[in-house]
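A single structure is presented below for examination.
What you are looking at is a predicted structure, and each value in this text was computed from that prediction instead of being measured. Count residues from 1 along the sequence. In each ligand, atom 1 is the first atom listed, and ligand 1 is the first ligand listed.
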Amino acid sequence: MPTPSVIGCNIGQKSHQSTGKRPSYKTLLQSRTTEINLCGRKSRHNSFFLFTESRDCMGNFAVEVRRVALQLMGAILEGLGLGKDYEHDKFEEGLQLLSVNRYPKESEGDSTIGLAAHSDYGFLTILLASSQGLEVVDRNSDSWKVVPQLPHALHVHVGDPMEVLSNGKIKTVVHRAVLNPKEARVSIASIHGFALDEKVSSAKELVNEQNPSKQSKDHAIHRNLIRSKPAMATPPQPSMRAL
Ligand SMILES: O=C(O)CCC(=O)C(=O)O
Ligand SMILES: [Fe+2]
């Protein structure tokens, strides 16, 4: 069974070593109190207890969502003409980060953004959200588009390393989360990448005279974006992002 490298929330750190059949994983803990409905059980707790109580559920979710991510990755690699097993071991041994975000309900006249505009540091992000709030940049009109909340659907988007590996054939998705006027919102973003010490480079099969490697440019952008990912920040306009 594949082993997720990291499962966690956005804030704080603590590690749990699991035993027996379950995959070993580390959990990063969120300090804020939150309410979340996992596997039909609603709990309102400091997140430490949430993750202690819901460990099996979160562990199972992490394993399943990773399986989906690896299958999707295989299909994308095949679509790029690289073959579904391209860099197979690096994906199999790669990093999984579960980022759990909790956004308050939007109060009247408040234009606070839940999560500032950014692109993700993994190849693929699979997002489960309790209600609508995700927005993505439409590159054609250079404007924000609301992602509709479909019942029982997961949202999938690609991140910076995918743009690098595909040498620009697939573009990273710039996105943000806005507050929902009806309710507080919880989202779980499962981010899938290579191990932290692995470097991503453009597939040589996709580099040629017409499409020279865009690797170094994208790496610089990637570093800037990680620095510019504060929660509750004012969003930069999409056109400010130098892609
Ligand atoms: O909560 C959302 O809709 C987006 C979360 C997100 O983009 C992230 O955790 O990277
Ligand atoms: Fe994100």
| note | Among N, O or S atoms, Asp120 approaches the Fe ion (ligand 2) most closely through OD1
| task | Among residues two or more places apart or on two chains, list those pairs meeting salt bridge (charged side-chain N to carboxylate O under 4.0 Å, His left out) that have a residue in residues 178-192. | result | none
| message | For the NE2 atom of His192 and the CG atom of Leu70, what is their distance to the nearest 0.5 Å? | response | 7.5 Å
| query | What part of Arg176 sits under 4.0 Å from ligand 1 if we count only heavy atoms: the side chain, the backbone, both or neither? | reply | neither
| Any heavy atom of His155 sitting closer than 4.0 Å to ligand 1? | no
| Just wondering, is there an N, O or S atom on His157 that's nearer than 2.8 Å to the Fe ion (ligand 2)? | no
| message | Test of geometry: compute the angle NE2(His175)-the Fe ion (ligand 2)-NE2(His118) and round it to 10°. | response | 90°
| field | Donor on one side chain, acceptor on other, Asp138 and Ser143, under 3.5 Å | value | no
| said: Yes or no: does Ala129 have any heavy atom under 4.0 Å from an atom of ligand 1? | reply: no
| said: Within ligand 1, which atoms have a heavy atom of His175 less than 4.0 Å away? | reply: 7 (O)
| request: Would you mind listing which atoms of ligand 1 come within a distance below 4.0 Å of any non-hydrogen atom of Tyr103? | output: 1 (O), 2 (C), 4 (C), 5 (C)
| said: Checking contacts here: is it the side chain or the backbone of Asp120 that comes within 4.0 Å of ligand 1, counting heavy atoms only? Could be both or neither. | reply: side chain
Name every donor-acceptor pair, under 3.5 Å, that has one atom in a side chain of residues 203-210 and the other anywhere in the protein, sequence neighbours excluded.
unit_1	atom_1	unit_2	atom_2	d
Asn208	OD1	Gln210	N	3.1
Asn208	OD1	Asn211	N	2.8
Asn208	OD1	Asn211	ND2	3.4

| request: On the 0 to 90° scale, with breaks at 30° and 60°, tag the Phe123-Phe91 ring pair as parallel, tilted or perpendicular. | output: perpendicular
| query | If you round to the nearest 0.5 Å, how far is NE2 of His157 from CD1 of Ile170? | reply | 13.5 Å
| said: Can you confirm whether Lys84 is buried at NZ, in the sense that more than 12 heavy atoms of other residues, nucleotides or ligands lie under 6.0 Å from that atom? | reply: no
| message | List ligand 1 atoms under 4.0 Å from Ser99, heavy atoms only on the residue side. | response | 9 (O)
